[in-house]
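Structure, as structure tokens:
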Protein chains: 2
Amino acid sequence: MNHSRTDYVILGLLTVQPNLSGYDVRKAVESSIGYFWSESYGQIYPTLKRLAAKGLIQPSAFAPKSRRQQYAITPAGRESLHQWLALPFYNEPPRNEFLLKLFFGAEAPAAVSAAHIRDLNQKNRQMLATALEIEAMARRQPPQNPHQPYWMLTLTLGIALTRAALDWGESALAQIESPAPTPDLPSPHDPPSRP
Amino acid sequence: MNHSRTDYVILGLLTVQPNLSGYDVRKAVESSIGYFWSESYGQIYPTLKRLAAKGLIQPSAFAPKSRRQQYAITPAGRESLHQWLALPFYNEPPRNEFLLKLFFGAEAPAAVSAAHIRDLNQKNRQMLATALEIEAMARRQPPQNPHQPYWMLTLTLGIALTRAALDWGESALAQIESPAPTPDLPSPHDPPSRP
DNA sequence: CGTGGCATGTAAACGGTTACATGATTTA
DNA sequence: TAAATCATGTAACCGTTTACATGCCACG
């Protein structure tokens with residue numbers, strides 16, 4: 001009776017692509033909503049069974065050579081998805097370990113926090129690069145797909161947030177690495193870093 | 001033997017304020033790291049017991065009138081915190097329900113997604129306002145506290161991300177509400193919304 | 001005195017991951 | 001035929017939240 005969000009991930013993906021196996025679902029999650037969602041097999045397979053038992057999806061083609069049991073969404077499943085979409089979204093309690101470590105940064109040498117920030121910047125540069133690639137690719141071909149405008153929105157939010165985080169990261173690094181800028185006593189031992 | 005992150009939240013907070021009870025920890029989490037972390041009593045109280053048993057914290061003053069059992073960090077606890085701070089941070093699998101619903105937005109009337117975005121904007125405006133207040137308050141008094149520079153960094157990241165999300169939200173709303181702008185066929189029935 | 005809120009605590013449930021088991025199929 | 005990897009599945013565990021229980025103190 002209790003629908004977890006995994007249910008709607010699967011139902012949603014089945015509206016995008018009509019036949020998916022558990023394996024397919026996993027791949028689809030990773031490749032299309034991977035940067036803001038994740039699912040593990042331990043969730044996916046039992047959920048498929050449960051959704052089928054409830055009639056929200058149904059076993060469809062048993063893919064010829066590939067021994068993959070595929071499923072398709074039913075009208076009832078689509079209905080259920082629509083209802084969920086209309087409910088207000090619920091953001092779970094935040095838990096950002098990077099910010100947690102930074103918050104307690106004064107307990108460690110400045111180099112520790114600096115390393116974390118560099119680490120974050122690295123990840124963000126990577127993320128930005130792939131997001132921009134995807135965006136460029138999507139913009140090249142005309143929007144035949146009714147989902148595409150929404151996908152672009154999720155993408156542009158990701159890009160905007162990553163850019164903001166990167167900007168912050170650079171200035172944060174500068175602040176941390178310049179050792180306590182006492183205005184009239186320029187630090188004697190740390191040469192200004194010029195990459 | 002396994003240290004959960006709740007351990008380090010408590011140890012960290014005890015380096016900031018020397019004596020805290022379970023109740024205090026909860027309040028401190030909410031008021032100081034609330035926008036990127038959360039803890040429930042069900043975690044806090046058992047963790048306090050466990051940390052005390054391991055000697056990482058110790059019962060200190062039993063607060064006079066208030067029947068609150070307070071704890072203080074021990075040298076071993078501080079050591080443990082330092083070690084953890086030096087480890088790379090681990091960001092748990094992302095799970096953003098807002099983006100999930102937006103991704104499947106094409107399955108529902110555009111008004112549904114628009115409402116979600118407005119909802120998000122509302123939350124972000126709220127968040128930005130309080131963050132800016134805190135920032136202004138912090139900047140007013142000179143940095144007596146060695147933790148403050150790090151706290152400011154977490155704050156400025158929050159502000160930057162929220163601003164970016166708000167900017168995105170406005171343009172996203174505009175895009176969604178303008179019904180499929182066919183260039184040479186200006187939409188006949190939707191009057192341009194002027195707030 | 002009684003009631004409402006403060007403070008501590010815990011049992012049970014929950015959503016989710018990890019680790020492992022098992023065939024079946026492709027590739028070398 | 002051996003090794004790799006595809007695909008499905010599940011049991012156990014884990015961190016966490018929820019809901020509830022309990023006693024204490026302040027205040028009307």
Side-chain angles (χ1 to χ4, degrees), chain A residues 1-11 13 19-31 33-34 36-53 57 59-71 84 89-97 100, chain B residues 1-11 13 19-31 33-34 36-53 57 59-71 84 89-97 100:
Chain A
M1 200 111 301
N2 247 341
H3 296 240
S4 95
R5 291 167 308 175
T6 304
D7 295 23
Y8 300 108
V9 170
I10 292 178
L11 292 175
L13 290 175
N19 287 298
L20 295 175
S21 68
Y23 197 77
D24 295 336
V25 168
R26 180 92 209 261
K27 281 191 304 185
V29 168
E30 274 168 9
S31 70
I33 59 180
F36 59 81
W37 203 268
S38 78
E39 294 290 349
S40 63
Y41 287 130
Q43 290 276 96
I44 292 169
Y45 284 109
T47 300
L48 284 172
K49 292 281 159 76
R50 206 156 32 79
L51 289 177
I57 64 176
S60 57
F62 188 91
K65 284 280 186 190
S66 69
R67 77 212 173 273
R68 298 189 280 96
Q69 175 57 66
Q70 305 193 125
Y71 295 86
W84 175 76
F89 65 89
Y90 165 70
N91 271 351
E92 55 202 23
R95 210 160 259 128
N96 185 323
E97 196 174 302
L100 188 61
Chain B
M1 200 112 303
N2 247 342
H3 297 240
S4 94
R5 289 167 309 176
T6 304
D7 294 24
Y8 300 108
V9 170
I10 292 179
L11 292 176
L13 290 176
N19 288 297
L20 295 175
S21 68
Y23 197 76
D24 296 336
V25 167
R26 180 92 209 260
K27 281 191 305 186
V29 167
E30 275 167 9
S31 71
I33 59 179
F36 58 81
W37 203 266
S38 78
E39 294 291 347
S40 63
Y41 287 130
Q43 290 275 94
I44 292 169
Y45 283 108
T47 300
L48 284 173
K49 292 280 159 73
R50 205 156 32 80
L51 289 177
I57 64 176
S60 58
F62 188 90
K65 284 278 184 193
S66 67
R67 76 210 174 279
R68 299 188 282 97
Q69 176 58 66
Q70 305 194 126
Y71 295 87
W84 175 77
F89 65 89
Y90 166 69
N91 272 351
E92 56 201 23
R95 209 160 260 126
N96 185 321
E97 196 173 301
L100 188 61

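Residue numbers start from 1 in every chain, and the chains themselves are labelled A, B, ... in the order their sequence lines are given, proteins ahead of strands. This is a predicted model, so every value here is computed, not measured.
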*asked:* Is any side-chain heavy atom of Val9(A) closer than 4.5 Å to one of Ile33(A)?
replied: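 Yes - at least one pair of side-chain heavy atoms lies under 4.5 Å apart.
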From [X] [atom1] over to [Y] [atom2], what is the distance, rounded to the nearest 0.5 angstrom?
{"X": "Leu51(A)", "Y": "Asp7(A)", "atom1": "CG", "atom2": "CG", "value": "4.5 Å"}
{"X": "Arg50(B)", "Y": "Thr6(B)", "atom1": "CZ", "atom2": "OG1", "value": "8.0 Å"}
{"X": "Arg5(B)", "Y": "Leu11(B)", "atom1": "CZ", "atom2": "CG", "value": "14.5 Å"}
{"X": "Ser40(B)", "Y": "Tyr45(B)", "atom1": "OG", "atom2": "OH", "value": "11.5 Å"}

In whole angstroms, how far is the [atom2] atom of [N] from the [atom1] atom of [X]?
{"X": "Ile10(A)", "N": "dT8(D)", "atom1": "CD1", "atom2": "P", "value": "12 Å"}
{"X": "Arg68(B)", "N": "dC25(D)", "atom1": "CZ", "atom2": "C1'", "value": "13 Å"}
{"X": "Asp24(A)", "N": "dA7(D)", "atom1": "CG", "atom2": "P", "value": "8 Å"}
{"X": "Glu92(A)", "N": "dC14(C)", "atom1": "CD", "atom2": "P", "value": "17 Å"}
{"X": "Ile44(B)", "N": "dT8(C)", "atom1": "CD1", "atom2": "P", "value": "10 Å"}
{"X": "Arg50(A)", "N": "dG16(C)", "atom1": "CZ", "atom2": "P", "value": "10 Å"}
{"X": "His3(A)", "N": "dG15(C)", "atom1": "NE2", "atom2": "P", "value": "12 Å"}
{"X": "Tyr90(A)", "N": "dT16(D)", "atom1": "OH", "atom2": "P", "value": "14 Å"}

Would you list the protein and nucleotides 20-24 of chain D atom pairs, both N or O, that sit under 3.5 Å from each other?
none

*Go through the structure and list residues passing ring pair (Phe, Tyr, Trp, His ring centres under 6.0 Å) with Tyr8(A), not counting sequence neighbours.*
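With sequence neighbours excluded, Tyr8(A) shows a ring pair (Phe, Tyr, Trp, His ring centres under 6.0 Å) to His3(A), Trp84(A), given in chain and number order.
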*With sequence neighbours excluded, what pairs up with Trp37(A) under the ring pair (Phe, Tyr, Trp, His ring centres under 6.0 Å) test?*
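If we apply the ring pair (Phe, Tyr, Trp, His ring centres under 6.0 Å) test to Trp37(A), skipping adjacent residues, there are no hits.
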Counting side-chain heavy atoms from CB outward, which of [options] is closest to [X]?
{"X": "Ser40(A)", "options": "dT17(D), dT8(D), dT18(C)", "answer": "dT18(C)"}
{"X": "Ser38(B)", "options": "dT17(D), dG15(C), dC6(D)", "answer": "dT17(D)"}
{"X": "Tyr23(B)", "options": "dT17(D), dC6(C), dG16(C)", "answer": "dC6(C)"}

*Minimal non-hydrogen separation, Tyr41(B) against Gly22(B), with atom names*: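 Where Tyr41(B) meets Gly22(B) most closely, the heavy atoms are CE2-O, 4.3 Å.
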Do any N or O atoms of the protein come closer than 3.5 Å to N or O atoms of nucleotides 9-12 of chain C, and which pairs are they?
unit_1 : atom_1 : unit_2   : atom_2 : d
dG9(C) : OP1    : Lys49(B) : NZ     : 3.0

*On DNA chain C, check which nucleotide each of Thr6(A) and Gly22(B) is closest to and give me the residue with the more 5' one.*
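On the 5' side of the pair lies Gly22(B).
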*Just call it for Arg26(B): base, sugar-phosphate, or nothing, with non-hydrogen atoms closer than 4.0 Å on any strand.*
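Nothing, no nucleic acid heavy atom in range.
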*Does the distance from a Lys or Arg side-chain N to an Asp or Glu carboxylate O, for Glu92(A) and Arg95(B), drop under 4.0 Å?*
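No salt bridge links Glu92(A) with Arg95(B).
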_Taking 4.0 Å as the cut-off, does a side-chain nitrogen or oxygen of Arg5(B) come that near to OP1 or OP2 on dC14(D)?_
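Checking dC14(D) against Arg5(B), no side-chain N or O comes under 4.0 Å of OP1 or OP2.
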*Residues in salt bridge (Lys or Arg N to Asp or Glu O under 4.0 Å) contact with Arg26(B), at least two apart in sequence or another chain*: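 Salt bridge (Lys or Arg N to Asp or Glu O under 4.0 Å) check on Arg26(B) returns Glu30(B).
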*Estimated bend of the helix from dC1(C)-dG28(D) to dA28(C)-dT1(D) (axis per five terminal pairs, rounded to 10 degrees)*: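 What I find for the helix from dC1(C)-dG28(D) to dA28(C)-dT1(D) is an axis angle of 10°.
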*Sort out for me which residue in Leu20(B), Asp24(B), Val25(B) forms a side-chain contact (heavy atoms from CB on, under 4.5 Å) with Ile44(B).*
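Only one option passes, and that is Val25(B).
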*asked:* Determine whether a donor-acceptor pair (N or O, by modelled atom type, separation under 3.5 Å) exists between the side chain of Gln70(A) and the backbone of Ser60(A).
replied: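 The answer is no, because no donor-acceptor pair under 3.5 Å joins these two groups.
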